[in-house]
Colleague: 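First, the structure itself, so that you have it in front of you.
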2 protein chains.
Amino acid sequence: MAKGTIKAASERADLLPLISEVFRSHGYEGATLALIGEATGLGKGSLYHFFPDGKAQMAAEVLAEIDHWFEVNIFAALRKSDDPVRAIAEMTAGVDRYFHSGHRVCLVGVIALGASRDIFAAQVQDYFSRWNDALALALRRAGFSAGVSRRRSADALLTIQGALVLARALDDAKVFGQAMADMKARLLAK
Amino acid sequence: MAKGTIKAASERADLLPLISEVFRSHGYEGATLALIGEATGLGKGSLYHFFPDGKAQMAAEVLAEIDHWFEVNIFAALRKSDDPVRAIAEMTAGVDRYFHSGHRVCLVGVIALGASRDIFAAQVQDYFSRWNDALALALRRAGFSAGVSRRRSADALLTIQGALVLARALDDAKVFGQAMADMKARLLAK
DNA sequence: GTCTATAAAGCGATAGAC
DNA sequence: GTCTATCGCTTTATAGAC
């Protein structure tokens, strides 16, 4: 790999979190190149230099980065941990951290509901179904039946998404904290 | 009221459900006047005749119509019924019907997460908080403490929203049906 | 690698004929 | 009440100077 490539890749990686926040707060359609340019301090020319396919490529890479974060910080432990109860506790802690205790919205959920749904449907479905599978596996290893594990796993995922929606709608982050506590209790209840 | 007014009002009312579906499937930003014209069979001129303030007015009236449907079909019974358990059962049945068993998305939730959030924040917050209050009141009348009632009420609302998000993301409406059954059980559990 | 200028298309909204 | 034509603006995306 040439020097230039490495440097570019490094700066490119720094761009994604900034772009990510623009998509989060404005949605896919609302995130204009002007806003992205403002957030990154880059002109359109530079943005198209890094992302030749434009906005769609930016969103796809942002989704991939989010996916990767969850894969590393959440899914992996759920799949491999020999202490599934602890992995689940770490999941709830990680989720709370990631979503800033309910102040931050889930971009994957935003896109799932939004108009750009069709473009990113595969990525969205993959993200949730891998999370769902990993969590169900942890529950199974914690001693629950296959049916219970799958039901509780879906319940947890939908609770997170719903809590983010309602916290945003009511402008009350406490809703999220309470929901995460309830979810954790339901996940491991006898 | 003049004949013309009545006729116009009648046709206008017929317009809203058609426009509503455009907002639902494309979001506020994605719902262009071209798409709305297609769905209604009306040109821009006619649309602006009915809605002088354009797209924002259309969305506001669609939200008001949704609010009214829930007020009449769900909230009222929760507040007034002398059989709160039955009112809650009717709520879950009504919700299942309204959201087409998970195949239809919640426009209020879509807007709460989307880029147009700020414009409609008051309407969105009002809708959810009135639902929340009505359901909590029914639970209180069913014998639960104020704290339990409020917690369970918020849990139910967020479960509905989350189930719609996850069902859409996984493209699997069964997720919604299971979540509604779970929600109903949790709502009235001892 | 970053910028400005600009193209090409689509947007919401308006005007005015009918 | 409905239409067509069009305005003014913003959008994504490209071209080319530096």
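Just so you know, these numbers use all the heavy atoms, side chains as well, and skip hydrogens, waters and symmetry mates. Numbers restart at 1 for each chain; the letters A, B, ... are given by sequence-line order, proteins then strands.
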Colleague: What integer distance in Å separates A:His26:NE2 from D:dT10:P?
Modeller: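 Taking atom P of D:dT10 as the reference, NE2 of A:His26 is at 15 Å.
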Colleague: Nearest-Å distance, CD (B:Gln57) to P (C:dT14)?
Modeller: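 So the two atoms are 11 Å apart, to the nearest Å.
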Colleague: Can you find a heavy atom in the side chain of B:Leu107 that is under 4.5 Å from one in the side chain of B:Tyr28?
Modeller: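 A side-chain contact is absent here, since even the closest heavy-atom pair is not under 4.5 Å.
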Colleague: Distance check needed: C:dC3 P versus A:Phe50 CZ, whole Å only.
Modeller: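 Rounded to whole Å, this separation is 10 Å.
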Colleague: Is the shortest side-chain N to carboxylate O distance from A:Glu29 to A:Lys55 below 4.0 Å?
Modeller: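 No, no charged N to carboxylate O under 4.0 Å.
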Colleague: Rounded to the nearest Å, what distance is computed from the NE2 atom of residue A:His49 to the C1' atom of nucleotide C:dT2?
Modeller: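 Going from NE2 in A:His49 over to C1' in C:dT2 covers 9 Å.
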Colleague: Check the side chains of A:Ser149 and A:Arg141 for a donor-acceptor pair under 3.5 angstrom, ignoring hydrogens and angles.
Modeller: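 Not at all, the side chains of A:Arg141 and A:Ser149 share no donor-acceptor pair under 3.5 Å.
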Colleague: For nucleotides 9-12 of chain C, give me every protein contact, N/O to N/O, under 3.5 Å, one pair per line with atom names.
Modeller:
| unit_1 | atom_1 | unit_2 | atom_2 | d |
| --- | --- | --- | --- | --- |
| C:dG12 | OP1 | B:Lys55 | NZ | 3.0 |
| C:dG12 | OP2 | B:Leu33 | N | 2.8 |

Colleague: Can you confirm whether A:Val22 sits close enough to A:Glu38 that some side-chain heavy atom of one is under 4.5 Å from a side-chain heavy atom of the other?
Modeller: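 A:Val22 does not reach A:Glu38 side chain to side chain.
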Colleague: Rounded to the nearest Å, what distance is computed from the CZ atom of residue B:Phe51 to the P atom of nucleotide C:dA13?
Modeller: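 Rounded to whole Å, this separation is 13 Å.
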Colleague: Is the shortest side-chain heavy-atom distance between A:Phe120 and A:Gln125 below 4.5 Å?
Modeller: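 SC-SC contact between A:Phe120 and A:Gln125 ruled out.
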Colleague: Hey, is A:Asp182 close enough to B:Arg186 for a salt bridge, meaning N to O under 4.0 Å?
Modeller: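 No, A:Asp182 and B:Arg186 are not salt-bridged.
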Colleague: Could you tell me the separation between the CG atom of A:Leu47 and the P atom of D:dT14, rounded to a whole number of Å?
Modeller: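 Atom-to-atom, A:Leu47 to D:dT14, this comes out as 13 Å.
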